[in-house]
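Presented below is the structure to which this report refers.
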Amino acid sequence: MPRAHDLETLLTRAPEEAAPLLLGSHLVSNVDGFEVRVRINEVEAYKGEDDPASHAFRGETDRNRSMFDNPGTLYVYRSYGIHNCANSAAGPKGVGWGILIRSGEVIDGGGFAARRRGRRTDLTDGPGKLCQALGITLEQNGTDLLDPRSTVRLEPGDPPEFVMATPRVGVSKAQDRMWRFVTAVQLSA
DNA sequence: AGGATGATGGACT
DNA sequence: GTCCATCATCCTA
């Protein structure tokens, strides 16, 4: 299990190495005073200008700027005009690497999550759902996930016993990269 | 249980 | 105009 200051070390690695190690960590949000804690069970690596599937493939833009910031910076983007999706910047500053946080299980604050989602089940089993449950919007883009004072942050957790690697979801390019990482818990969900 | 589809906006050709 | 790092709903079985 990574300790708090180890998360920064972990996230400075290449995203395809850091992503599976991030599984089991906690994503905690305190937006509007409601704390929701999620154990991360599914992530994907995106590797900047080396990766045709990455938003950063064509370099830095207004939209993807957070991914080029320090490792542990929150990159939020709007998906299909409707949903928000959350990433952590990875690698050294300036490379545009990131880890998409796709799903998890609610550990605490389930009532707040259910209220935000407008339902009692399927609260955080997808990247858009997870952001809605945690109240993560473009307003939180650029947040330092490694700062304990941040409204959205990463904290250490228990690592999973089993991790499976698969192609990434919803991408048509670079399907040969097995850069989606899932815990056994998420597989059975 | 699984496939099709509409919503909805930004980035890109 | 087309393509999305998606989701909820509405079918068919």
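Worth knowing before you read on, the calculation uses all heavy atoms, side chains too, and leaves out hydrogens, waters and symmetry mates.
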Are Arg119(A) and dC7(C) close enough that a side-chain N or O sits under 4.0 Å from OP1 or OP2? no

I'd like to know if the side chain of Asp144(A) reaches the main chain of Thr73(A), judged simply by a donor and an acceptor atom lying under 3.5 Å from each other, with no hydrogens or angles considered. no

When you measure from the side chain of Arg168(A) to the backbone N and O of Ala45(A), does any donor-acceptor pair fall under 3.5 Å? yes

To the nearest Å, how far apart are Glu44(A) CD and dC4(C) P? 14 Å

Hey, does the side chain of His55(A) come within less than 4.0 Å of dA5(C)'s phosphate (OP1/OP2), counting only N and O? yes

With respect to the phosphate group of dA5(C), does any side-chain polar atom (N or O) of Arg180(A) fall under 4.0 Å of OP1 or OP2? no

Donor-acceptor check, side chain of Thr143(A) to backbone of Gln140(A), threshold 3.5 angstrom: yes or no? yes

For a quick check, tell me whether the side chain of Tyr77(A) and the base of dA5(C) share a donor-acceptor pair closer than 3.5 Å. yes

Applying a 3.5 angstrom cut-off to the pairing atoms, does DNA chain B sit in any stems of at least three consecutive Watson-Crick or G-U pairs? List them by first number. B:1-7 with C:6-12, B:9-12 with C:1-4

Are Arg37(A) and Glu155(A) within salt-bridge range, i.e. N to O under 4.0 Å? yes

To the nearest angstrom, the CG-P distance between Asp122(A) and dT6(C) comes to 16 Å

Phosphate oxygens OP1/OP2 of dC4(C): is one of them under 4.0 Å from a side-chain N or O of Ser79(A)? no

Just to confirm, is there a sub-4.0 Å distance from OP1 or OP2 of dT13(B) to any side-chain nitrogen or oxygen of Arg58(A)? yes

Minimum-distance nucleotide to Ile82(A) side chain [options: dT13(B), dT6(C), dA7(B)]: dA7(B)

If you compare every side-chain N and O of Arg78(A) against the phosphate oxygens of dC4(C) (OP1, OP2), does one of them come in below 4.0 Å? no

From the list dA11(B), dA8(C), dT6(C), which nucleotide is the closest neighbour of the side chain of Lys129(A)? dA8(C)

Would you say the ring centroid of Tyr77(A) lies under 6.0 angstrom from that of His55(A)? yes

